[in-house]
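Beneath this line is the structure, given in C-alpha cells, with notes to follow.
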Amino acid sequence: MPELPEVETVVRQVRPQVVGRTIVAAQVFGRDVLARGTPRAFCAALVGRRITAVRRRAKYFVLDLDDGRLLVGHLRMTGRLYVAREPDPKRTRARFDLDDGRLLLFTDVRKFGRLQLARTLDEALPALGPEPLDGELDGAWMAAALAARRRLLKPLLLDQSFVAGLGNIYVDESLHRAGLHPLRSSDGVPRQRAFALADAIRSVLSAAIAAEGSSFDTFYRTPEGRPGAFQDEFAVYGRDGQPCRACGALIRRIVVGQRGTHFCPRCQPAPRGAARKAHMRRRT
DNA sequence: CAAGACTCCTGACGGC
DNA sequence: TGCCGTCAGGAGTCTT
C-alpha cells in the first residue's frame, strides 16, 4: 500500500509533468473525497492556479500553487495520482485539466483517499513524527524516543506521530533488518538495537525508493504505470511459511494491533511472554 | 498514556 | 460454475 517510498515515487514522477502547468478545470466525483471544505469552493479555488512545486511529507503529497495555497492529498490504500490523456470514468475521484490538454487524475478504488486545500501544511496535517530520511531520525533520536514510551514496537512504528511514513510493509521489513521482534516493548530495546533500528528504517526505505516501491497486488502502480520492484526484496512481508533468507527458519505471521505482522522467529527472538500473548489474542 | 475495537470500501480469494 | 463469506489495510474515533 502506498507508504513513504510509494508516495515519494509518485511525487518524483508527477513533478516534472505538472510543475509550471496551470489548472484550467477541476472536478470532484463522489462523496468524502475532500477531507475539508465543499467541492464547489475547492474546485473554484483551483481553477486558474499554476502548480509551482510537488513534494511529499510523510505519506501525503503536496502540490504548491502560485497563490501560496496547497493541494494536500493522501492515497491511503488504493489511491493513485497520475497524468493521463484520457479520463478513467470508473475510478476517478478528482480530475484536474491542465493547460497542456492533459489530465491530472486522482483515482481510488476503495475510496479511502482524501484531498484538501490548505493555506499551510500545519493546517492540513495531523501531528507527525520526523521524516526518516531527513537526518533527524538517527540512532540517538531512536534510542531516546523508544525509551520515552512503553509501547509494542509494531504499533509504535505504525504511529505516524512517532515516525512519519512507515506502514505495515516497511515496519515489518525494518524490524527484521534490526533483529527486533514486533511484540517487544519500546522501553526494553537496548541502545545498540535502537541504533540498528534507525539504520534499518533508513536503508529499507532508501532501497524501496530505488525500486520505485512495492507492488504485490493489482493496486499500486507508479504514475508511469509500472509496478514497483521492492516486493522481490521482501525479507518477511507476505512470506509466512517460507524460509528466512538470512537463517532458513520459517517466517511466521501473527496479528498485532489488527495488522498482519511477519517476522523470523530466529532472527527476531520473542520477548518474554510474547508467545503466550499472541496465542491468547488468536483465541479471543 | 496504552491498547483494543470499530469504521470506511471493494477486489481478490477460499470453500463448497 | 457460481455464490458467498472473509480478508486486507491507513488512519480517525471511541471505548476500556
Side-chain angles (χ1 to χ4, degrees), chain A residues 1-8 10 29-36 56-61 72-81 88-94 106-116 123-129 132 145-174 182-189 205 208 213-221 227-228 231 234 236-241 253-262 271 273-274 276-284:
Chain A
M1 306 302 133
E3 304 180 27
L4 186 154
E6 288 76 25
V7 180
E8 180 65 26
V10 167
F29 305 93
R31 301 212 171 283
D32 298 327
V33 183
L34 300 183
R36 305 185 311 160
R56 177 191 61 74
R57 167 67 171 123
K59 301 176 195 172
Y60 295 84
F61 59 84
V72 182
H74 198 303
L75 301 171
R76 293 289 184 97
M77 306 296 305
T78 56
R80 293 192 63 203
L81 182 75
D88 176 351
K90 192 177 172 188
R91 298 184 179 81
T92 298
R93 308 212 75 211
F106 178 62
T107 67
D108 190 6
V109 171
R110 293 195 180 161
K111 304 181 180 177
F112 288 171
R114 294 291 183 269
L115 298 174
Q116 70 180 93
E123 175 187 303
L125 305 183
L128 293 168
L146 291 180
R149 313 236 191 159
R150 191 176 198 141
R151 294 182 59 186
L152 302 181
L153 288 180
K154 173 73 186 244
L156 178 59
L157 293 175
L158 284 175
D159 185 341
Q160 300 299 297
S161 70
F162 181 72
V163 171
L166 295 177
N168 209 38
I169 294 171
Y170 298 111
V171 166
D172 283 5
E173 293 296 316
S174 297
L183 289 176
R184 285 184 67 158
S185 184
S186 61
D187 61 340
V189 174
L205 294 178
S214 305
S215 298
F216 52 90
D217 55 27
T218 59
F219 296 122
Y220 170 71
R221 294 294 179 271
Q231 67 281 359
F234 284 171
V236 291
Y237 188 84
R239 297 194 67 243
D240 38 312
R253 180 186 189 276
I254 58 175
V255 175
V256 182
Q258 290 87 239
R259 292 287 176 269
T261 299
H262 314 75
R276 197 169 59 93
K277 272 189 223 162
H279 185 59
M280 288 174 69
R281 273 195 197 88
R282 227 176 302 141
R283 290 177 61 91
T284 51

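All of these numbers come straight from a predicted model, not from anything done at the bench. In the text below, chain A, chain B and the rest are named by the order of the sequence lines, each starting its count at 1.
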Assess the side chains of A:Tyr60 and A:Gln116: does a donor N or O sit below 3.5 Å from an acceptor N or O?
no

Ignoring backbone atoms, test whether A:His74 places a side-chain nitrogen or oxygen under 4.0 Å from the OP1 or OP2 oxygen of C:dG10.
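Negative; the distance criterion is not met.
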
Presence of A:Arg259 side-chain N/O under 4.0 Å of C:dG10 phosphate oxygens OP1/OP2
yes

More 5' along DNA chain C: A:Phe112 or A:Tyr60, using each one's nearest nucleotide?
A:Phe112

Starting at the 5' end of DNA chain B, which residue's closest nucleotide do you reach first, A:Gln258 or A:Arg76?
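The residue whose closest nucleotide sits nearer the 5' end is A:Gln258.
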
Using heavy-atom distances to pick each residue's nearest nucleotide on DNA chain B, tell me which of A:Pro155 and A:Phe219 is more 5'.
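It is A:Pro155 whose nearest nucleotide is closer to the 5' end.
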
Under 3.5 Å donor-acceptor pair, A:Arg150 side-chain atoms to B:dA3 base atoms
no

Starting at [atom1] of [X] and ending at [atom2] of [N], how long is that distance when rounded to a whole Å?
| X | N | atom1 | atom2 | result |
| --- | --- | --- | --- | --- |
| A:Asp172 | C:dA8 | CG | P | 13 Å |
| A:Asp32 | C:dG12 | CG | P | 15 Å |
| A:Leu152 | B:dC1 | CG | P | 17 Å |
| A:Gln116 | C:dG12 | CD | C1' | 14 Å |
| A:Arg80 | B:dC9 | CZ | P | 22 Å |

For the side chain of A:Glu173 and the backbone of A:Asn168, is there at least one donor-acceptor N/O pair under 3.5 Å apart?
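No, the answer is negative, given that no donor and acceptor are paired below the 3.5 Å cut-off.
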
For a quick check of understanding: with a heavy-atom distance under 4.0 Å over all strands, which category does A:Gln160 fall into, base, sugar-phosphate or nothing?
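Answer is sugar-phosphate: A:Gln160 comes under 4.0 Å of backbone atoms only.
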
Which is true for A:Pro2 with a 4.0 Å heavy-atom rule: it touches a base, it touches only sugar-phosphate, or it touches nothing?
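It contacts nothing in the nucleic acid.
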
Do A:Phe61 and A:Val10 make a side-chain contact, defined as non-hydrogen atoms from C-beta onward lying under 4.5 Å apart?
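In short, these two side chains do not touch, never coming nearer than 4.5 Å.
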
For A:Arg151, is there an ion pair with A:Asp159 - N to carboxylate O distance below 4.0 angstrom?
yes

